[in-house]
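Take a look at the structure below.
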Amino acid sequence: MNESSPSGCCCQREVAPSGGTRRCFFVQAGALFFGGVAALVPAAVGVIAFLNPLRQKGQAGGFIKAGPLAAVPEDGTPRRFALIADRIDAWNRFANEPIGAVYLRRLPAGQLQALQAICPHAGCSINYEGAAQGGKFFCPCHGASFDLAGQRTDSTSPSPRDMDALEVEIRNGGEVWVKFQNFRTGTSKKVAQA
Ligand code: FES
């Protein structure tokens with residue numbers, strides 16, 4: 001007698017070559033196909049996220065608008081600007097997130113200087129101390145100090161290198177754009193972080 005199994009699957013029946021075995025083949029082939037697709041989707045999403053140029057731009061040094069040129073003091077005093085950009089990781093996009101900070105300063109020749117606000121020693125945030133306190137950059141964590149050009153002010157500085165300079169451009173007749181980049185801390189060489 002040709003009875004269905006309790007599960008109703010035709011593959012569990014012993015039948016002669018017929019329409020039943022053909023259905024069995026298609027059921028198994030379909031299960032294999034959809035199982036394969038289900039396994040490939042997460043892998044494909046991961047590869048696409050890894051290769052996404054926007055994701056790389058957010059973390060590896062694209063130009064970001066820092067602010068208006070008019071906001072940079074004309075007397076050569078550095079001013080700190082927060083950098084805002086979309087931050088993208090493997091799975092999510094976070095719009096308008098603070099991703100770092102930069103000090104901008106007008107140079108005598110009419111050019112601009114941009115310095116990373118992260119201390120090269122261990123990654124603390126560097127402060128600018130105004131003219132009343134000597135007009136220098138100072139890291140509160142371990143006491144490294146830097147002059148207005150971002151150079152260490154003493155040979156015993158805990159910082160292994162000077163402050164990290166960034167590329168800077170003036171665009172659209174008055175916008176300051178900075179090529180933002182983080183660098184490895186604790187090393188005398190300026191090594192960009194991915
Ligand atoms: S982190 Fe700046 S001096 Fe140590």
Side-chain angles (χ1 to χ4, degrees), residues 50 53-171 175-194:
F50 180 76
L54 288 175
R55 170 183 175 273
Q56 295 172 11
K57 176 186 168 191
Q59 299 175 355
F63 271 90
I64 295 172
K65 186 165 79 170
L69 177 61
V72 183
E74 297 201 357
D75 63 359
T77 300
R79 181 170 174 196
R80 183 184 179 109
F81 289 79
L83 298 178
I84 308 293
D86 291 351
R87 186 170 60 82
I88 300 167
D89 63 20
W91 304 105
N92 299 298
R93 181 189 193 101
F94 305 94
N96 299 323
E97 290 261 316
I99 62 165
V102 63
Y103 284 102
L104 297 178
R105 182 171 77 98
R106 290 183 195 256
L107 300 176
Q111 295 171 316
L112 278 182
Q113 174 193 62
L115 296 173
Q116 242 288 8
I118 294 296
C119 181
H121 178 222
C124 289
S125 181
I126 293 173
N127 298 328
Y128 172 68
E129 299 187 327
Q133 295 154 293
K136 65 180 188 302
F137 296 103
F138 180 75
C139 179
C141 287
H142 309 99
S145 63
F146 309 86
D147 64 18
L148 287 182
Q151 297 185 321
R152 289 163 291 180
T153 56
D154 64 86
S155 58
T156 60
S157 172
S159 179
R161 64 177 186 270
D162 299 331
M163 290 174 72
D164 296 312
L166 300 171
E167 285 183 51
V168 59
E169 292 179 358
I170 297 171
R171 298 182 181 177
E175 295 173 352
V176 182
W177 288 69
V178 172
K179 189 173 184 184
F180 185 68
Q181 179 70 61
N182 286 312
F183 300 92
R184 261 188 229 160
T185 57
T187 171
S188 59
K189 287 194 174 164
K190 187 179 172 185
V191 180
Q193 280 187 321

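Start at 1 and go down the list; that is how both ligands and their atoms are numbered.
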> Among the protein atoms near atom 2 (Fe) of ligand 1, how many are N, O or S and lie under 2.8 Å away?
Replying inline: 2
> side-chain hydrogen bond (donor to acceptor under 3.5 Å, both in side chains) with Asp154: which residues, sequence neighbours excluded?
Replying inline: Thr156
> Once you round to the nearest 0.5 Å, how far does CE of Met163 lie from CD of Gln116?
Replying inline: 8.5 Å
> When you take the SG atom of each Cys, Cys119 and Cys141, is the space between them under 2.5 Å?
Replying inline: no
> Of all residues at least two apart in sequence or in a different chain, which pass the side-chain contact (heavy atoms from CB on, under 4.5 Å) check with Pro68?
Replying inline: Ala71
> Is there a side-chain contact (heavy atoms from CB on, under 4.5 Å) between Ile99 and Ile84 once you walk through the steps?
Replying inline: CA-CA 6 Å; Ile99 62 165; Ile84 308 293; over 6 Å; no
>> My understanding is that only residues two or more places apart in sequence, or in another chain, count here; which of them pass ring-ring contact (aromatic ring centres under 6.0 Å, His included) with Phe137?
In response: Tyr103, Tyr128
